[in-house]
Each structure stands twice: as structure tokens, then as C-alpha cells.
Amino acid sequence: MSNKSMSNKSNLATKLSYFVAVFLVLFSIFALLAWRTLQQVRVQGPLYDEIMLGNELIADVLPPPQFIIEPYLLTLQLSEQSEPTEITRLIEKGNELRINYENGQEKWKRVLARDTMGDLMTVTSYRAAMEFFRLRDDEFIPAVRAGERDLAKRLLAQMGQRYEAHRYAIDEVWKLAAQRNLANEAKADALVSSKLSALAFLALAIIFLVIVMAWFARRAAATLSQRVELVSEVADRVAHGDLSTEVPSTTDNDETGRLLGAIGGMTQNLRSLVTRVKQASVELMSTATEFAATSRQQESTVQGFGASTNQIAAAVKQIAATSQELLATMEGLNAVSGQTADLAEQGQSGLSSLDSTMDRLAQTANAMSARLAAIREEAAEITGVVTTISKVADQTNLLSINAAIEAEKAGEQGLGFLVLAREIRRLADQTAVATLDIEQMVKQMQSAVSAGVMEIDRFAEEVRSGVGTVDRVGGQFGQIISQVRTLSERFDTVNHGMRSQAHGARQIGEAMGQLMDGARQTSVSLREFNGATESLRDAVTVLKQEIAKFNLGS
Amino acid sequence: MLALAFRAGNAALAIAARSIVEVLPRVALRTPTLAPPAVIGLLPYRGTLTPVVDLCILIAGRPAAAELGTRIIVVRIQNASESRMVGLQAEDVSELIEYGPTTPGLRNTEHAWLGDHLTQVAGLPQLVDPAELLPEALTALFLAKAEA
């Protein structure tokens, strides 16, 4: 850009210089031509000399019409001539010359001033010439025609006197005209030389003026191009992002001054704009960072929430399992109560038949009670034995497993031992199963015996207290049955409650699962938000980089 | 080939007899301080303290039932440099299975330790490699403890 302005500047200056040079050349040609023309047309110049030479030649060759030498010579010839045809020709020629003379006199009378020379030419010489022509026409020519030679000779002498007088006047005129010409030539010479010098002075003045003008024009062009170069340099720097340039202010109110002012204002506005954008990008950056921090915090919170939900779900699962177990227990309890009710009904039905055989029963009840007590003791003993057996069976099972494992590790050598171990294990398993059965049976027996003992004891008591109470006992049995039934119903209610509790726990578990899904989704959304914040930060970083290209100076 | 069948929650599993050190009865253990929930105690065994992991907690999320069938299977785990015995508490540890070729079931990439099924017995127990059974965190913990 600066190169271009330089070339523009030089172009301007060169153009100006060319213009001045062309002007100078043209002016020089004009001056030369003027000088040469003057030189040519001036008195005693080449052209003038040539014209004068032509005039002189004509004057030398032709007989002068205003000098009557030729008519005089014709009269001399006439005086000698005797041939009539020749005489007529000479007379006619003389007439022609006279007309020429008179025409010339007419012209000179108009042209010449009434001074000495004019008088000599138009009065003195004319009077003598007219006298001569009168003598010739009126007296001489008739005499010649008549052939009177003597008279003609006398008239010729008279005419010679007139001719002499005319010649004298013409000579005077010639002298005066020559003198006057010389004076005029000198005057013209002086005039021309004076004009030439004036012209030269004028040319010099014009050249000086042109040079001064050129200098002023060059200075103005230099100032203009300097300003334009400055402006273009500032614009160039602004275009490259350097806004730190201070545009020099100028007091000039011309176009370039205003341009400088406008560029300065533009740069300042741009600078303030870029500064504001820079501040805004910094604020945007901090906002984006806050965004990212907040979302990260939220993400960790959501993760914590997810973990808590997980724990709650596990706890709910445990609750569900526990309630399931409780339900199973309740069902068992229900069955037992049903059995109790059945037993009570059996007791009630037996009560009516007991009425007659009460006494016998009362007797046998004691015996039975004693036997049942014995059975209970034995059952307790059996239970102890069974527990021991089952423990032993368990130990045996464990031993056989370890033995089998060792045998397996021993490979080929352990095969026989493996079979043995397997047999032992089978025995132990059978024992365990058997003990389990026994245990069950004993337990049932024990409960039955206990119940029987109690019933029998009470029954015996009742029997002993009298037949009258049998009905009441029967009623009590009925109450017991109904109570057991209501108990059974309550069990049903509890059972139902348990079931709904288990169901509720399962629903809570599902809800927890949904909650966890929600937390996971929230986490994903937060991660997406994080990504968006990252891209925002990236965008702000790019903006900052772009802004950083602008140099704002200090 | 012989494998020891057991249950952990609902999962019917089996470990090859060759990779078992010994099967021990269930004993009351003191819960170790600040240990992962699946580690239920340290068992003095053959002169060392062997960590015991409850597979029911690990797999089913609940402790094993307090029954005679609940036992501790002692296995050996190892990495490149260290090896250590670990007790695995499971339920119904009472049956040894003679098995032939195994059949692949579902391949769960998240739980690659669940191996092929044993089709010879009811319940189709899955064969488990004790070396891969435990999570890496527990393996690292046990082997780091052994180094210390």
C-alpha cells in the first residue's frame, strides 16, 4: 500500500513536471517563432530587403511614369520621323504615356502630405509636365503632321525647357524621398530592437513565474500525498488489527484534514469497541467456568444420590426378603392353629361320649398321664441323641467331602479312597436325612404329647369336678374353637398385611430402580450440559484469540 | 472329574475339587474393622489369618443362612508374585458331583467367572474358577495384605 502511494505521489509530481516542461517547450517555440518573424519582417530584414530589391529592379527597368523622359524622347523621335504610319504610332504611345502620368499624379495627390516634397511632386513638377504636354498636343503634333520641320524644331526647344524644369523638380523629390526613407529605416530599427528586448524581458518573467508556480504545485502535491500516505498507513495498520496508532490531529480544515480526523475517530471508536468486546469475552469466560463448576458439583451430587438410592434399594430388597420369611412363618403358625382347632373339635365331639365313660376315663387318664410323661422324657432323650447324631452326620459329611477332595487331588492313587469317601458321604447323608425325619417325628410327638398331657390333666380335673361341669366344659371348648377360628381369621388378616407389605416393598424397590434410572439420566444430561459448557468455553477462547489479534496499545 | 456343589443366593454353583484346599464348618467370625461388606472375617488357618468372603453377600446381597449346610470352602488365589488362601462361605455345601464334559450356557461378559454348566445333575450348577470369582478390588486387597 505504501509503495502504491509512493508511486502515486511520484506520478503526481512527474505529471506536474511533465506539464511544466511541455509548457516551457511550447512557450520557447512560441518565443522563437515570434522572434524569427520579427527578424524576418523588420526593416532591412531578409524579406524586406527582397521586396525592396524587387521594387528597385522595377524602378530600374521601367521608365519612370512620373518622369516624362520617355514622352520627351518620343517627341525627339517624332521630330526626326517622316513616315506617317510611324508618326501615328509614336503619337499614340505618347498619348498613352500622358494618361499613365495623369493617373499617377491623381494617386500621389491623394497620398502625399502637403509639405515641401508634396508640393514639389504635385505642383512644381506637374505644372512643368502639363506645360510640356500642352505644347506637344496643341502645337508640336500638328506641326509634325503638317511636315513643318523648322517649327517643330523650335517647339522642341521650348518643350526641352519645360522638360528641364520638370526634371529639376523630380530630382528634388528624389533627394527628399531618399532622405525621408533613411530616417524612417533608422526609426523602425530602433523600434524593433526596443520591442525585442521588451519581449525577451516578458519571456523571462513568464518562465520565472512558471517555475515558481511549479514549485508551489510540487509543494502542495507533496503535502497532499504525505497526508494520503499517512492515512493509508493508519488504515493499513488498523486492517492488520493494530489499533494503538495515534492519528496526528491537524487544524487544517481541508479534505485531507477532515479525512485524518475521520480516520482518528474511527480508530478510537474501534478501539473502544474491541476493548468492550474483550471485557465481555473475559466475563463470558468466567461465566462459562462457573457453569462448568456448578454442573460438575451437581453431577457429583447426583452420583451421591444414585449411590444412596442403590443402598436404599438393597435395604428394601432385604425388607422384602424378611417379610417373605415372616410370611412363611405366619403360614406355619396358621397351620398349627388350624390343627389346634381340629384337635379342639375332636375334643368337643369326644366330650359327649366321654359323659358315660367319664369315670373310667378319669381312672385311665391318670395312668395315661403318667405314661405320657414317661414318653415326653423319652422323647427329650431321643431329641438329644438325634442332635448328636445329626452333628456327627454333618461332621462325617464334611470329612468325606475333604477326603474326596484329597482323593481327587491324589489322582489315580486316590480312586479307591474316593469310592470309600463317597460311600461314607452317602451314609452320612442318609443318616442326616433319617435324623431329620426322627427329629421331625419327635417334635410332633412331643407337641402332641404335651397337648395331650395338658388336656388329659385338665380333663381329669374337670371329670373330677363333676358331671355338671361337662356342659360348661363343652361350652368352653366351643369358645376355644371360636377363638381359634377368630385367631385363624386374624392370622389371615396378618397374612394379608404381610403379603401387601411384601408387595409394597417390591413396589418401593421398583420405584427405587426408576429413581436410579432418573439419577442416571440426570447424570447423562449433566454430562451433556458439561459438554455444552466446554464448547461454550472453546467458543469464548476462539473469540478471545480473535480479539487478541487487535493491538490496543497501553 | 469331581466338583463341589454349593449355592449362593439363588445361584447354583460348583468348584472343581482340585482347586479346593479344604472344606471347613461354619464358625462364628468377628467382623473385621473397615473391611468391604463381603469380607466377614479373618480365620486362623494353618498358621495364617485367612480372609473369609461371604459369596451370598457378594452375589445375592444377603448373608448366608446360619445352617449346618453353610460352610467355608478354602481355596488359593494368586497373581504373578503372590498367592494366598481365601475362605469362601456358601450355602448347601454338601454334595460332590462326578462330571464329564461341560456345556456352555449364557456368556455374561460382565461376569466372566460364571463358567459352563454341569448337565449331569439337577439344578445345572455352573462351574466357577475361584481364581476369577473374586472382584479385582478384593483380590488386590488380599494379596496386598499378604505382602505386608
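- Proximity of a side-chain donor or acceptor of A:Lys409 to a complementary backbone N or O of B:Ile20 within less than 3.5 Å is detected.
- For A:Leu418, the part lying under 4.5 angstrom from a heavy atom of chain B is the side chain only.
- Only the backbone of B:Leu24 has a heavy atom closer than 4.5 Å to any heavy atom of chain A.
- In this model, no donor atom of one side chain and acceptor atom of the other lie less than 3.5 Å apart for B:Arg26 and B:Thr70.
- Side-chain contact check for A:Arg537 and A:Thr533: no donor-acceptor pair (N or O, by modelled atom type) lies under 3.5 Å.
- Contacts of A:Asp394 with chain B are made by both backbone and side-chain atoms, with heavy-atom separations under 4.5 Å.
- A donor-acceptor contact closer than 3.5 angstrom links the side chains of A:Ser295 and A:Asn530.
- Side-chain atoms of A:Asn402 come within 3.5 Å of backbone atoms of B:Val23 as a donor-acceptor pair (strictly under, hydrogens ignored).
- Counting heavy-atom pairs closer than 4.5 Å to chain B, the top-ranked of the candidates A:Ile405, A:Leu398, A:Asn397 is A:Leu398.
- Within the 4.5 angstrom heavy-atom criterion, no atom of A:Ala314 approaches chain B.
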